[in-house]
Asks: 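Have a look at the structure that comes next, please.
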Amino acid sequence: MELQTAARYRLLDELRGLDLISMMLYHGMWDVVFLFGVAQKWYTGRPGFVWQQSICWVFILLSGFCLPLGHHPFRRGAVVFGAGALVTAVTLLFLPEDVVWFGVLTLLGSSMLLTAALDPLLRRVPPAVGVAVSALLFWVTYPTMNGFWNLPGGRLALPQALYASYTTAYLGFMPKSFFSTDYFPLLPWLFLFWAGYFLHHLVGRGRLAPLRRSVCPPLGWMGRHSLVLYLLHQPVILGVLTVAFRLVRAG
């Protein structure tokens with residue numbers, strides 16, 4: 001994240017770059033389906049959902065895993081959170097019908113800031129326990145936006161009073177009037193981020209040496225510049241698709 005090139009764990013960069021390509025393809029298909037009206041049942045059905053979840057799971061888990069590798073988590077978190085605010089502002093001004101509230105960048109920035117603030121306490125938790133508890137809490141809180149939590153004995157219905165406003169939507173309690181084209185609240189996703197964070201400490205820095213090797217340098221370059229590419233990819237894809245559809249329809 002903020003390491004010198006010679007000291008980077010290149011395979012982590014390349015995994016992030018590969019996931020970034022998958023995300024770009026997913027967002028490009030989203031434009032085709034929802035902005036250009038090309039119906040694709042597989043995309044709006046379970047296959048599309050699994051594709052979307054695979055992207056965010058890898059990205060969030062990897063971000064938590066990589067956070068201890070950086071030297072300035074507060075600064076990094078503030079930058080990513082600010083980028084999320086920029087996405088919200090731009091979509092609110094230019095695409096109000098497709099506005100992004102509490103998207104993945106807001107989540108990642110928030111998770112980095114919270115983890116940096118709580119790091120002295122989190123380090124007291126045995127890593128194996130941290131991974132297990134974080135994974136369990138992620139499973140429990142995964143359906144928060146649907147009004148319940150998973151429990152071993154069944155579902156626990158949550159009070160509807162929790163689903164009150166945009167403030168509660170940031171936490172995961174989304175009111176019925178809330179809409180966002182990219183929505184990643186703290187619950188459940190903070191726990192997936194923490195699972196990655198604890199997994200890093202469970203593996204240990206001494207066992208990460210094999211990750212320094214490179215398999216595909218171009219993917220590594222993308223991974224190192226993932227924030228900038230994330231901010232730029234959608235306008236570029238939308239521009240290319242707009243030109244392409246105009247040429248096809250004109251022909």
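None of these values were measured; they are calculated from a predicted model.
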Asks: Flag the pair Asn150 / Pro143 as yes when at least one side-chain heavy-atom distance between them is below 4.5 Å, and no otherwise.
Replies: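 Yes - at least one pair of side-chain heavy atoms lies under 4.5 Å apart.
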Asks: Is it true that Leu86 and Met112 fall in one hydrophobic cluster, defined by side-chain heavy atoms closer than 4.5 Å?
Replies: no
Asks: Do side-chain atoms of Asp13 reach the backbone of Arg224 as a donor and acceptor pair under 3.5 angstrom?
Replies: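 No; judged by distance alone, with no hydrogens or angles, the pair does not exist.
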Asks: Between CG of Leu114 and CG of Leu186, what distance do you get to the nearest 0.5 Å?
Replies: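 It comes to 6.5 Å.
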Asks: Roughly how far apart are Leu162 CG and Met174 CE, rounded to 0.5 Å?
Replies: 13.5 Å
Asks: Heavy atoms only: give me the nearest Leu192-Leu61 pair and the separation to one decimal.
Replies: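 Shortest heavy-atom separation between Leu192 and Leu61 comes out as O-CD1, 3.5 Å.
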Asks: Quick check for you: to the nearest 0.5 Å, what is the distance between Arg212 atom CZ and Tyr9 atom OH?
Replies: 4.0 Å
Asks: Can you hop from Leu231 to Leu95 via hydrophobic side chains spaced under 4.5 Å?
Replies: no
Asks: Please tell me whether Leu151 and Tyr142 are part of a single hydrophobic cluster in this structure, the criterion being side-chain heavy atoms less than 4.5 Å apart.
Replies: yes
Asks: Would you say Ser134's side chain and Val131's backbone share a donor-acceptor pair under 3.5 angstrom?
Replies: no
Asks: Between Leu227 and Ala83, what is the shortest heavy-atom contact and its length?
Replies: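 Smallest heavy-atom distance, with atoms named: CD1-CB, 3.8 Å.
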Asks: Has Thr168 got a side-chain atom pairing as donor or acceptor with Phe173's backbone, closer than 3.5 angstrom?
Replies: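 Yes, the answer is positive, given that a donor and an acceptor are paired below the 3.5 Å cut-off.
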Asks: Decide yes or no on side chain to side chain contact (heavy atoms under 4.5 Å, CB included) for Asp98 and Thr91, but give the supporting numbers first.
Replies: CA-CA 7 Å; Asp98 295 312; Thr91 55; over 6 Å; no
Asks: Can you list the steps and then say if Val133 with Phe191 is a side chain to side chain contact (heavy atoms under 4.5 Å, CB included)?
Replies: CA-CA 9 Å; Val133 172; Phe191 295 123; over 6 Å; no
Asks: Quick check against the 3.5 Å criterion: does Thr88 have a side-chain atom that pairs as donor or acceptor with the backbone of Val100?
Replies: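 Checking the backbone N and O of Val100 against the side chain of Thr88, a donor-acceptor pair under 3.5 Å is found.
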Asks: Once you round to the nearest 0.5 Å, how far does CZ of Phe193 lie from CG of Leu62?
Replies: 10.0 Å
Asks: When rounded to the nearest 0.5 angstrom, what is the spacing between CZ in Arg213 and CD in Glu14?
Replies: 9.0 Å
Asks: Hey, is the main chain of Phe148 close enough, under 3.5 Å, to the side chain of Arg155 for a donor-acceptor pair?
Replies: no
Asks: Between Thr144 and Trp149, does any side-chain donor sit less than 3.5 Å from a side-chain acceptor?
Replies: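 Distance-only check passes for Thr144 and Trp149.
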Asks: May I ask you to test the Tyr183-Met145 pair for a side-chain heavy-atom distance under 4.5 Å?
Replies: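 In short, these two side chains touch, coming nearer than 4.5 Å.
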Asks: Considering only heavy atoms from C-beta outward, does the side chain of Arg76 approach that of His71 to under 4.5 Å?
Replies: no
Asks: Count I, L, V, M, F, W, Y as connected when their side-chain heavy atoms are under 4.5 Å apart, and connections chain through other members. Are Leu232 and Val104 then in the same cluster?
Replies: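 Different hydrophobic clusters.
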Asks: Can you check whether Thr181 reaches Val99 side chain to side chain, under 4.5 Å on heavy atoms?
Replies: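 With C-beta onward as the side chain, the pair stays apart.
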Asks: Listed by chain and number, what are the salt bridge (charged side-chain N to carboxylate O under 4.0 Å, His left out) partners of Arg123, not counting sequence neighbours?
Replies: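 Expected list: Asp119.
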Asks: Identify the two heavy atoms, one from Pro73 and one from Leu67, that lie closest to each other, and give their separation to 0.1 Å.
Replies: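 Shortest heavy-atom separation between Pro73 and Leu67 comes out as CB-CD1, 4.0 Å.
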Asks: Would Leu108 and Trp189 count as a side chain to side chain contact (heavy atoms under 4.5 Å, CB included) here? Give the steps.
Replies: CA-CA 9 Å; Leu108 292 177; Trp189 301 106; over 6 Å; no
Asks: Without placing hydrogens or testing angles, list every side-chain donor-acceptor pair under 3.5 Å for residues 20-39, not counting sequence neighbours.
Replies:
{"from": "Ser22", "atom 1": "OG", "to": "Trp51", "atom 2": "NE1", "distance (Å)": "2.9"}
{"from": "His27", "atom 1": "ND1", "to": "His233", "atom 2": "NE2", "distance (Å)": "2.8"}
{"from": "Asp31", "atom 1": "OD1", "to": "Gln234", "atom 2": "NE2", "distance (Å)": "3.4"}

Asks: Heavy atoms, side chains only, cut-off 4.5 Å: are Phe198 and Val203 in contact?
Replies: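 Heavy-atom side-chain distance check fails, nothing below 4.5 Å.
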Asks: List the steps and the verdict of side chain to side chain contact (heavy atoms under 4.5 Å, CB included) for Arg10 and Leu211.
Replies: CA-CA 6 Å; Arg10 294 179 177 86; Leu211 299 179; over 6 Å; no
Asks: So, taking the atom named CZ in Phe81 and the one named OG in Ser110, what distance separates them when rounded to the nearest 0.5 Å?
Replies: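 It comes to 4.5 Å.
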Asks: Using only atom types and a distance under 3.5 Å, with no angle test, would you say the side chain of Ser180 pairs donor to acceptor with the backbone of Trp101?
Replies: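 Looks like yes, one N/O pair under 3.5 Å.
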Asks: Just by distance, no angles: are the side chains of Trp194 and Thr115 close enough, under 3.5 Å, to form a donor-acceptor pair?
Replies: yes
Asks: Restricting to non-hydrogen atoms, name the atom on Tyr197 and the atom on His201 that form the minimum distance, rounded to 0.1 Å.
Replies: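 Looks like O-CD2, 3.2 Å.
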Asks: State yes or no: do Val228 and Phe59 share one hydrophobic cluster built from I, L, V, M, F, W and Y residues joined by side-chain heavy-atom distances below 4.5 Å, directly or via other members?
Replies: no
Asks: Where do Arg16 and Cys66 come nearest, in terms of heavy atoms and distance?
Replies: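 Result for this residue pair: NH2-SG, 3.3 Å.
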Asks: Grab the two heavy atoms, one from Phe184 and one from Cys56, that are nearest each other, plus how far apart they are.
Replies: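 Answer, listing the atom of Phe184 first, then Cys56: CE2-CB, 3.5 Å.
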